[in-house]
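So the structure is just underneath, and the comments pick up after that.
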Amino acid sequence: MGYKSLQECVADLENHGHLIRIKEEVDPYLEMASIQMRVYDAQGPALYFENVKGSKFPAVSNLFGTLERSRFMFRDTLDHVKKLVDVKMNPMSVLKNPFSYAGSSMVALGALPWKKKSSAPILYGQTKISELPQIVNWPMDGGPFVTMPQVYTEDISKPGIMNANLGMYRIQLGGNDYIQDQEIGLHYQLHRGIGIHQTKANALGKPLKVSIFVGGPPSHPLSAVMPLPEGLSEMIFAGALGNRRFRYFYDEEGFCISADADFVITGTVYPNDNKPEGPFGDHIGYYSLLHPFPLMKVHKVYHRKNPIWSFTVVGRPPQEDTSFGALIHEITGNAIPQQIGGLHAVHAVDPAGVHPLLFAIGSERYTPYQKVDRPQEVLTIANQILGTNQLSLAKYLFISAFEDNPQLDIHSIKDFFMHIFERIDLSRDLHFQTNTTIDTLDYTGDGLNAGSKVTFAAVGEVKRKLITEYPSALELPRPFNQGKLALPGILVVDGKAFTSYEEEAKVLEEWCAAAKDKNWEGIQLIVLADDAAFTAENENNFVWVTFTKSNPSYDIYGIDSFISHKHWGCHGPVIIDARRKPHHAPDLIKDPAVEKRVDQLAAKGGSLHGIY
């Protein structure tokens, strides 16, 4: 739909029953976030907060809360954009069926950014950082954050919008040591386009100009999170998806301004000018902690007439960014598999915090003249996956061979684990990468961005039948002697509180020795957890605890394990120690008093009655 503004989108959603207004005054400190999370959990409508305490500006959230609503917003352009991405990833598809892409090609040509300053709505007025909605999502957050920003930077050696980067990186508006209204914090993770731009600017000793757009047509924030193919500009994508060219201009200080945004914050980042940023409740389900990140010196804060502040909330999945991911997958389809030869599918498992756990399906074609009984090509594919953009942040990769089960559903946690553990040879098919990079938000490693990875590769025929009920005859050695069956072939065992790696290594060595002679038939994975009942309660709990609370090279053990020619393996089940470690970041816990206040909005007569 060709929305000219966020206001048009809000009106359209409201007219079609996709949005409700919250008329009561709501505190941006924790209350707005609590409401958003509850409504998202209920798969409810988008939310328009008319009365934000401490700010004259209204706010909107949950725009992308359901795939149905996203399809509605982009109902006129979604199919054309899918084809546009497909053409970029696979140009031969046009030659094979040129007429099916004719309309999409015209959409692309009409989506080129348009430099237009005259009558730009964003020039209506200016404000200060402190006058914006000061939204704090979690009790331990370091201050208010912008959680739905579009952060624009240009390549200092190749200036201009066609070489620019538009990304969604969180922005801290206040708190910590920031000077109010003059400084804000800019946080971005590894493998981000803005990092390349800042590196080039730093090398020349020049400040990096940064423009932060908030609001605008919904195609704009979506373009900022899209993993677009190399050479496809976010601004072109925004124009194609929104059926309206991305309008922009440069102000008198040389900052790029989105003409249709609701707010634009401009500022500069100077080389080596950092300040502590955080903590921030993040999408893995824990806080990212206080660390030095780039400091942005604020120049101006523009806004349009009657602007709307757009925000979201992240936390333990699923949240609104989960629905973002579903929409992205629908648009990009098989974009990543087309980049890696032999890769059929790859899936970042959302309940595990996205980055910690990947499932993948690859081909095994290296030796068609022989019966395949060990991973070959899938290991080559695994290395490529772990070297590709955001996929390289993963810690655990489970990869299977397409030929073994062409119908395997990569989105089924239970089915995929069963397929792997029915076939894997734990003495041979685990492959580690140590002392490498992991997600900035993951604190299971031995430092910021530092940790390890492991690939579980399984090909060939079924080697065993996995148990589906807890074996009554199995007596586990102390101190880990109380277990639950989480999934077929997977046990979760209660562990005493973790002390230190030195101490626990000794305990686990003794435990594995005592467990060596037990009957482990049908069991391939044992997970040590602080609360086995919680971890084994459902699939989401299992993957969240197991893969967000462990660092492979530190936390993987095995019954009857060995090292041969520098390869680690085990003849019994593999063990993942997923207990909380002293260096782990705190869990995200809501404030009970705030939750009680938010209950009132759902009472009879409240704006959210009947929603949650």
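The shown structure was predicted, so the numbers you read here are calculated from the model rather than taken from an experiment.
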Note to self: As a test of understanding, state which of Lys395, Gln390, His283 forms a side chain to side chain contact (heavy atoms under 4.5 Å, CB included) with Asp439.
What the structure shows: His283
Notebook entry, point to check: Taking atom types as modelled, is there a side-chain donor on Thr440 or Asn449 under 3.5 Å from an acceptor on the other?
Noted result: yes
Checklist line | side-chain hydrogen bond (donor to acceptor under 3.5 Å, both in side chains) partners of residues 272-282, not counting sequence neighbours, each pair once | finding: Arg170-Glu277, Arg170-Asp282, Glu183-Lys275, His187-Glu277, Asp282-Ser288
Margin query: Could you tell me if the side chain of Phe237 sits less than 4.5 Å from the side chain of Met226, heavy atoms only?
Written below: yes
Note to self: How long is the straight-line distance from CG of Leu397 back to OG1 of Thr455, given to the nearest 0.5 Å?
What the structure shows: 4.5 Å
Notebook entry, point to check: Are Asp177 and Pro276 close enough that some pair of their side-chain heavy atoms sits under 4.5 Å apart?
Noted result: yes
Margin query: Do Asp409 and Ser412 pair up side chain to side chain, a donor and an acceptor below 3.5 Å, judged on atom types alone?
Written below: no
Check: Taking atom types as modelled, is there a side-chain donor on Ser61 or Gln36 under 3.5 Å from an acceptor on the other?
Finding: yes
Next item on the list: Find the distance between CZ (Phe324) and CE (Met148) and round it off to the nearest 0.5 Å.
Entry: 4.5 Å
Check: Quick one: OG on Ser452 to CD on Gln433, what's the gap to the nearest 0.5 Å?
Finding: 9.5 Å
Check: Can a donor-acceptor pair be found between the side chains of Thr388 and Gln339 at a distance below 3.5 Å?
Finding: no
Checklist line | Any Lys518 side-chain heavy atom under 4.5 Å of Leu474 side chain | finding: yes
Check: For the residue pair Phe398 and Phe359, does the interplanar ring angle fall in the parallel (under 30°), tilted (30 to 60°) or perpendicular (over 60°) class?
Finding: perpendicular
Check: Can you check whether Ser392 reaches Leu386 side chain to side chain, under 4.5 Å on heavy atoms?
Finding: no
Note to self: For Asp425, is there an ion pair with Lys463 - N to carboxylate O distance below 4.0 angstrom?
What the structure shows: no
Check: Does a donor on one side chain and an acceptor on the other come within less than 3.5 Å for Tyr443 and Lys549?
Finding: no
Notebook entry, point to check: Are the side chains of Leu67 and Ser323 in touch, meaning some heavy atoms are under 4.5 Å apart?
Noted result: no
Item checked: Axial cation check for Trp511 ring with Lys506, 6.0 Å and 45° limits -> no
For residues 555-563, please give each side-chain donor-acceptor pair under 3.5 Å, one per line with the distance, not counting sequence neighbours.
{"residue": "Asp555", "atom": "OD1", "partner": "Tyr501", "partner atom": "OH", "Å": "2.9"}
{"residue": "Asp555", "atom": "OD2", "partner": "Tyr501", "partner atom": "OH", "Å": "3.2"}
{"residue": "Asp555", "atom": "OD2", "partner": "Asn551", "partner atom": "N", "Å": "2.7"}

